[in-house]
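Single-structure report; data block below.
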Amino acid sequence: MKIHRYCLNNKNVIIKENNSSFEVFIMHYEVKCTSCKRTLKLYDGEEQYKQYKERKSHLFYCEDCKHKIRFDAIKNFFRNY
């Protein structure tokens with residue numbers, strides 16, 4: 001088995017070559033959503049992936065939780081007026 005690493009469109013790709021077949025893997029990290037505790041994958045090229053890799057942020061949210069947090073912030077903003 002041969003393993004090849006490439007960078008395609010600014011994404012790290014690993015290709016595993018067995019006798020006559022190929023498997024392609026895109027680099028990702030798995031983290032838990034801070035709010036709902038679901039596992040989410042951070043793929044190369046995403047902003048959260050970059051933050052995780054540089055250890056700038058330790059709080060990660062899935063798309064549903066991001067939407068809820070943003071919506072609650074907007075509601076609270078207009079509630080005061």
Side-chain angles (χ1 to χ4, degrees):
M1 175 175 22
K2 293 181 183 179
I3 297 176
H4 306 279
R5 293 179 187 263
Y6 297 100
C7 184
L8 300 172
N9 295 332
N10 294 326
K11 296 188 188 307
N12 293 320
V13 177
I14 297 174
I15 298 176
K16 290 184 180 179
E17 180 182 346
N18 293 329
N19 298 333
S20 62
S21 64
F22 295 95
E23 294 181 62
V24 178
F25 298 95
I26 297 175
M27 296 295 293
H28 70 276
Y29 291 107
E30 290 187 1
V31 296
K32 289 204 182 249
C33 175
T34 306
S35 182
C36 66
K37 305 299 184 213
R38 281 192 287 174
T39 302
L40 61 130
K41 293 182 179 180
L42 304 177
Y43 290 100
D44 192 9
E46 295 177 350
E47 185 64 30
Q48 286 186 331
Y49 179 92
K50 182 179 174 184
Q51 290 174 349
Y52 180 82
K53 206 167 176 188
E54 295 174 356
R55 304 283 189 221
K56 286 187 177 178
S57 176
H58 296 284
L59 302 174
F60 298 98
Y61 299 100
C62 62
E63 290 297 321
D64 294 336
C65 292
K66 276 188 205 176
H67 178 70
K68 288 177 189 175
I69 292 168
R70 186 172 182 269
F71 188 70
D72 287 344
I74 292 170
K75 280 195 321 190
N76 287 334
F77 177 78
F78 286 112
R79 188 175 295 159
N80 294 331
Y81 290 103

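For the numbers below, each heavy atom of this structure counts, side chains included, while hydrogens, waters and symmetry mates do not.
By the 4.5 Å heavy-atom criterion applied to side chains, Gln48 and Leu40 are counted as neighbours.
Hydrophobic cluster membership for Ile69: Leu59, Tyr61 (Ile, Leu, Val, Met, Phe, Trp, Tyr linked by side-chain heavy atoms under 4.5 Å, directly or transitively).
The ring-ring contact (aromatic ring centres under 6.0 Å, His included) test applied to Phe77 returns Tyr81, not counting sequence neighbours. In this structure, the salt bridge (Lys or Arg N to Asp or Glu O under 4.0 Å) partners of Arg38, at least two apart in sequence or on a different chain, are Asp64. Applying the side-chain hydrogen bond (donor to acceptor under 3.5 Å, both in side chains) criterion to Asn76, with sequence neighbours excluded, gives Arg79. In this structure Lys37 satisfies the salt bridge (Lys or Arg N to Asp or Glu O under 4.0 Å) test with no other residue, sequence neighbours excluded. Glu63 meets the side chain to side chain contact (heavy atoms under 4.5 Å, CB included) test with Lys66; sequence neighbours excluded.
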Worksheet entry | Test side chain to side chain contact (heavy atoms under 4.5 Å, CB included) applied to Glu46 and Lys50, step by step | CA-CA 6 Å; Glu46 295 177 350; Lys50 182 179 174 184; over 6 Å; no

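Taking CG of Leu42 as the reference point, atom CZ of Phe60 lies at 6.0 Å (rounded to 0.5 Å).
Residues Tyr43 and Tyr49 place their aromatic rings such that the two centres sit no closer than 6.0 Å.
Screening residues 26-35 for side-chain hydrogen bond (donor to acceptor under 3.5 Å, both in side chains), with sequence neighbours left out, gives no hits.
Cys65 and Cys33 make their closest contact through SG-SG, 3.6 Å (heavy atoms, listed as atom of the first residue, atom of the second, distance).
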